[in-house]
Amino acid sequence: MAETATDESNQADEAFAGNRLLATFSREARALIEPQGVLEQTQVGDIVLTRGEQVESSVFPIGSTMVSMTVELNGGRSVEVASIGREGAVGGIISCGQAPAYSRAIVLVGGPVFRVSMGALEDAKKRSGFISNIFCRFSDYLLAQVMQSVACNAFHSIPERAARWLLHAQDRAGDRIELTQEAFAGLLGVQRTTVNAVIRSLQSEGLVSTGRGVVRVTDRAGLKRRACECYQRLEDHFGAVIGTSGTGGPR
């Protein structure tokens, strides 16, 4: 029993240290959701949410885990509207109780997630002003990401968008990003041949290297110069509304 308790404690420590939202929780705030949460392992392609289904829990990606939120259109087409890694959560975190999901959420980079039921989260929000506030702040950041994505898709070139996406992915998953060019094309809403040309261009500039189903960022500074302003704007906004304290801070 002692070993089991120690294992559970280590898993909880991993979850709260490996997610930027959970890392802001005080001991008292952590105690409100930790007993109700469970650490799960995900694989690439796992479905977190399906459009229309009732959202019964939220998952907090840990470490390099990434989840892509996509909107599906007629004809089998889809486009990414937001991606979430260790800076946030996916599911009913921002709603007031259970509600149907609008987008599809699929695991892009597999790894651990911390799952908490909606009932436990709603109870924690009622008992802690900090938890209620930080979830509201994250909803602000998530909305900003979606709005920035709309502007980016409308006005920025595909190479700029690709560079911006890779920077966000590097922040979450590290220099080695497991991603096929077919999947990358789907995320950007473009043809695979277009992504092939963009990746070749970035590779010729020494910004990335590629392998079988893998993209490696080799020159982050150069990739930032290649990206549109959307990357830095979102990073600045996260710091302003959440930051390391959960309450944001001066830019």
Side-chain angles (χ1 to χ4, degrees), residues 18-24 48-49 51 55 58-73 78-95 99 101-109 111 113-114 121 133-174 177 179 183-190 217 220 223-224 226-249 251:
N19 180 278
R20 291 172 68 184
L21 279 186
L22 296 179
T24 67
V48 178
L49 292 174
R51 183 184 178 188
V55 179
S58 286
V59 296
F60 297 78
I62 306 300
S64 61
T65 307
M66 281 182 60
V67 177
S68 176
M69 299 179 66
T70 63
V71 170
E72 297 168 304
L73 305 174
S78 65
V79 65
E80 183 181 77
V81 294
S83 61
I84 299 173
R86 60 175 172 247
E87 81 287 348
V90 180
I93 181 175
I94 60 177
S95 62
Y102 184 79
S103 65
R104 182 173 185 251
I106 184 170
V107 175
L108 195 61
V109 177
V113 298
F114 191 64
L121 287 177
N133 182 54
I134 195 173
F135 288 174
C136 286
R137 287 174 177 271
F138 178 71
S139 70
D140 181 279
Y141 168 76
L142 184 59
L143 179 59
Q145 185 179 165
V146 174
M147 289 191 295
Q148 197 70 44
S149 177
V150 171
C152 188
N153 291 344
F155 293 108
H156 293 147
S157 69
I158 295 171
E160 288 176 320
R161 290 165 52 199
R164 181 259 300 169
W165 194 95
L166 289 171
L167 286 169
H168 282 304
Q170 185 191 28
D171 289 343
R172 296 153 177 163
I177 304 163
L179 181 72
F184 199 14
L187 293 172
L188 295 177
V190 300
V217 176
R220 179 177 174 84
L223 196 62
K224 286 186 74 172
R226 200 75 164 79
C228 53
E229 71 266 26
C230 300
Y231 168 77
Q232 195 58 53
R233 284 192 177 187
L234 286 174
E235 287 299 296
D236 290 346
H237 192 62
F238 183 90
V241 299
I242 299 175
T244 58
S245 66
T247 55
R251 298 175 61 179

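Residue numbers run from 1 in the order of the sequence given. Every value quoted in this text rests on a predicted model; they were computed, and no experiment measured them. Computed from heavy atoms alone, side chains included, the values below leave out hydrogens, waters and symmetry copies.
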Just verifying a value: how many Å separate Leu21 CG and Arg86 CZ, rounded to the nearest 0.5 Å? 12.5 Å
If you round to the nearest 0.5 Å, how far is CG of Leu143 from CZ of Phe138? 11.5 Å
Inter-residue atom distance Trp165.CH2 - Leu188.CG, 0.5 Å rounding: 8.0 Å
Starting at CE of Met147, measure out to CG of Leu142 and round the result to the nearest 0.5 Å. 10.0 Å
Residues that Ser83 engages under side-chain hydrogen bond (donor to acceptor under 3.5 Å, both in side chains), provided they are two or more places apart: Arg172
Side-chain donor or acceptor of Arg51 paired with backbone N/O of Val71 under 3.5 Å: no
Flag for Ser68-Thr70: side-chain donor and acceptor within less than 3.5 Å: no
With sequence neighbours left out, what residues match Thr24 under side chain to side chain contact (heavy atoms under 4.5 Å, CB included)? Phe130, Ile134
Testing the basics here: between Ala82 and Val146, what is the closest heavy-atom pair and its distance to 0.1 Å? CB-CG2, 4.3 Å
Between Phe184 and the options Leu166, Ile177, Val190, the side chain to side chain contact (heavy atoms under 4.5 Å, CB included) test singles out Leu166
Side chain to side chain contact (heavy atoms under 4.5 Å, CB included) for Ile84 and Val90? Distances and angles first, verdict last. CA-CA 7 Å; Ile84 299 173; Val90 180; 3.8 Å; yes
Side-chain (Arg164) to main-chain (Cys230) donor-acceptor, under 3.5 angstrom: no
Met66 and Ala169 have their tightest heavy-atom pair at SD-CA, 3.9 Å
Would you check if the side chain of Asn19 reaches a backbone N or O of Ile62 as a donor-acceptor pair within less than 3.5 Å? no
May I have the step-by-step check of side chain to side chain contact (heavy atoms under 4.5 Å, CB included) for Leu187 and Leu179, ending in yes or no? CA-CA 10 Å; Leu187 293 172; Leu179 181 72; 4.0 Å; yes
Are the side chains of Phe60 and Val113 in touch, meaning some heavy atoms are under 4.5 Å apart? no
Do the side chain of Gln232 and the main chain of Glu229 share a donor and acceptor less than 3.5 angstrom apart? no
Start with the C-alpha distance between Arg104 and Met69, add both sets of side-chain angles, then the distance that settles side chain to side chain contact (heavy atoms under 4.5 Å, CB included), and finish with yes or no. CA-CA 6 Å; Arg104 182 173 185 251; Met69 299 179 66; over 6 Å; no
For residues Val67 and Ala105, report the shortest heavy-atom separation together with the two atoms involved. CG1-CB, 3.9 Å
State, to 0.1 Å, how close Leu167 and Ala227 come at their nearest heavy-atom pair, and which atoms those are. CD1-CB, 3.8 Å
Check whether any side-chain heavy atom of Val48 sits under 4.5 Å from a side-chain heavy atom of Val59, and report yes or no. yes
Does Asn133 reach the main-chain N or O of Thr247 with its side chain, forming a donor-acceptor pair under 3.5 Å? no
Could you pull out the closest heavy-atom pair between Gly91 and Leu49, with the gap in Å? CA-CD1, 4.0 Å
Out of curiosity, Glu235 CD to Tyr141 OH, how far, rounded to the nearest 0.5 Å? 6.0 Å
NZ/NE/NH1/NH2 to OD/OE distance under 4.0 Å, Glu87 and Arg20: no
Minimum heavy-atom distance Ser64-Ala173, with the two atoms named: CB-CA, 3.6 Å
For Arg220, enumerate each residue passing the side-chain hydrogen bond (donor to acceptor under 3.5 Å, both in side chains) test, keeping only those at least two apart in sequence or located in another chain. Gln170, Asp171, Tyr231
Can you tell me how far the SG atom of Cys228 sits from the NE2 atom of His156, to the nearest 0.5 Å? 5.0 Å
